[in-house]
S.K.: 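The structure's right below; bear with me while I get my questions together.
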Number of protein chains: 2
Amino acid sequence: MLEEDSKLGFPMRLHEIASLLRVKPPSALNIVKRLQEKGLAKTRDGMIALTEPGIRTAKSILLVHRTYESLLCQSGASKNSACQEASEVDFIIPEEDARKILRKIGDPKYCPHGKPIPDGD
Amino acid sequence: MLEEDSKLGFPMRLHEIASLLRVKPPSALNIVKRLQEKGLAKTRDGMIALTEPGIRTAKSILLVHRTYESLLCQSGASKNSACQEASEVDFIIPEEDARKILRKIGDPKYCPHGKPIPDGD
DNA sequence: TAATAACGTTAGTATGATACTAACGAGTGT
DNA sequence: ACACTCGTTAGTATCATACTAACGTTATTA
């Protein structure tokens, strides 16, 4: 469960990150360095991978994203607008708040797009 | 209704704004100018006031704030943490989303602190 | 009335975040 | 041996934002 999610494409080449983020490699390197300083990413065999805390953080953002998406859809929003709006706040809303909301909206197991919502973990 | 809210202390002196925002007057002026460029504020008799769109925007943010606060409290959060978290997102979440959420959580008329949640207007 | 204080405003400066280009070095494959 | 790709570094540019210092206008007050 969440197997594909927790990897999120990692480990990844710097070039891939750059093109995913639509920036040049030096900018991507800057970003990766900042992640490393926070202990969220590491370099291994020339590839960039998430550390354990990095994976946890990524999962946490996914949890928030999918929870908020679900809330919006249950409230009558379309899947696509819900996803967009969720992207605006998924890195801001604390996981604990999302877990509370999740419980309130009936502990759905999947987001409106059918992707799994991480649980206890 | 919302009479006190819609004013929010405006019209206000630049100095008051500066001290509320904890910046120096030149910085406050810069902020006010940007609000003016967006048509949200105006100067009148040496005082800074919100324009009609400015008031609507302020009310919209209040709606979002109090809605999200209510959601969090209904979900089991404390008033204070709810208020804090709401402040992180009240200027990001679109009013339309908040209105949908508001309906879903039972159209409360007041936020957890007892302040009115703006309705149709 | 003259001096002073308060306020808003301007100009110039500093900082931090973030992106870029250009150039270099190491490793890879033809 | 050469060319390519990749990561990296250094230097530069831009933008947002805050600040200080100085100035002019208005209001207050001695």
Side-chain angles (χ1 to χ4, degrees), chain A residues 6-58 60-62 64-65 84-95, chain B residues 6-58 60-62 64-65 84-95:
Chain A
S6 69
K7 292 190 183 147
L8 289 166
F10 289 92
M12 210 181 278
R13 294 224 141 267
L14 189 67
H15 266 78
E16 298 178 65
I17 295 175
S19 89
L20 282 173
L21 301 184
R22 299 165 191 275
V23 297
K24 303 295 179 189
S27 301
L29 181 60
N30 181 17
I31 291 166
V32 168
K33 275 181 178 168
R34 273 147 54 207
L35 289 175
Q36 282 175 336
E37 280 163 15
K38 291 181 190 247
L40 302 176
K42 65 190 169 196
T43 292
R44 198 156 168 150
D45 307 318
M47 306 287 280
I48 292 126
L50 295 179
T51 60
E52 188 44 48
I55 293 171
R56 265 189 281 112
T57 301
S60 173
I61 292 175
L62 280 180
V64 175
H65 183 96
Q84 257 183 267
E85 310 303 347
S87 299
E88 303 284 329
V89 296
D90 56 12
F91 58 100
I92 298 175
I93 295 177
E95 175 175 346
Chain B
S6 70
K7 293 190 181 146
L8 289 166
F10 289 94
M12 209 181 280
R13 294 222 144 269
L14 189 67
H15 265 76
E16 300 179 63
I17 295 176
S19 89
L20 282 173
L21 301 184
R22 299 161 189 277
V23 295
K24 303 294 177 191
S27 301
L29 181 61
N30 180 17
I31 291 167
V32 169
K33 276 181 176 167
R34 273 148 53 206
L35 289 175
Q36 283 174 337
E37 281 162 15
K38 293 183 188 243
L40 301 177
K42 66 190 169 196
T43 291
R44 198 156 168 153
D45 307 318
M47 305 287 279
I48 292 127
L50 295 179
T51 59
E52 187 43 49
I55 293 170
R56 263 188 284 113
T57 301
S60 174
I61 291 175
L62 280 180
V64 175
H65 183 95
Q84 257 183 269
E85 309 303 348
S87 300
E88 303 284 330
V89 297
D90 56 13
F91 58 101
I92 298 175
I93 295 177
E95 176 175 346

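Numbers restart at 1 for each chain; the letters A, B, ... are given by sequence-line order, proteins then strands. We use all heavy atoms of the structure for the numbers below, so side chains are in, but hydrogens, waters and symmetry mates are not.
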S.K.: Select one nucleotide: of dC7(C), dT10(C), dT9(D), the one nearest the side-chain heavy atoms of K33(A).
M.R.: dT9(D)
S.K.: Minimum heavy-atom separation for K42(A) to L50(A), with atom names?
M.R.: CE-O, 3.8 Å
S.K.: From CD1 of I48(B) over to P of dC7(C), roughly how many Å is that when rounded to an integer?
M.R.: 12 Å
S.K.: Rounding to a whole Å, what distance do you find between L21(A):CG and dA19(C):P?
M.R.: 9 Å
S.K.: Each nucleotide N or O in nucleotides 15-22 of chain D that has a protein N or O under 3.5 Å away: list the pair and distance.
M.R.:
residue, atom, partner, partner atom, Å
dT17(D), OP2, R34(B), NH2, 3.0
dC19(D), OP2, K24(B), N, 2.8
dC19(D), OP2, S27(B), OG, 2.8

S.K.: Provide, to the nearest angstrom, the distance between the CD1 atom belonging to I17(B) and the C1' atom belonging to dC7(C).
M.R.: 13 Å
S.K.: Atom CD of E16(B) to atom C1' of dG8(C): distance rounded to whole Å?
M.R.: 14 Å
S.K.: Within the structure provided, determine whether E16(A) and I48(A) are in side-chain contact (heavy-atom separation under 4.5 Å).
M.R.: no
S.K.: Can you tell me how far CG of N30(B) sits from CG of L35(B), rounded to the nearest 0.5 angstrom?
M.R.: 10.0 Å
S.K.: Taking OP1 and OP2 of dG8(C), is either one under 4.0 Å from a side-chain nitrogen or oxygen of H15(B)?
M.R.: yes
S.K.: Is there side-chain contact between L20(B) and M12(B), with at least one heavy-atom pair below 4.5 Å?
M.R.: yes
S.K.: So, is R13(A) near the phosphate of dC6(D), with a side-chain N or O under 4.0 Å from OP1 or OP2?
M.R.: no
S.K.: Taking atom P of dG27(C) as reference, at what distance in whole Å does atom CG of D45(A) sit?
M.R.: 14 Å
S.K.: List the steps, then state whether side chain to side chain contact (heavy atoms under 4.5 Å, CB included) holds for I31(A) with I17(A).
M.R.: CA-CA 10 Å; I31(A) 291 166; I17(A) 295 175; 5.8 Å; no
S.K.: Please check if the side chain of T57(A) supplies one atom and the backbone of P53(A) the other of a donor-acceptor pair under 3.5 Å.
M.R.: yes
S.K.: Between atom CE in M47(B) and atom P in dT9(C), what is the gap in whole Å?
M.R.: 13 Å
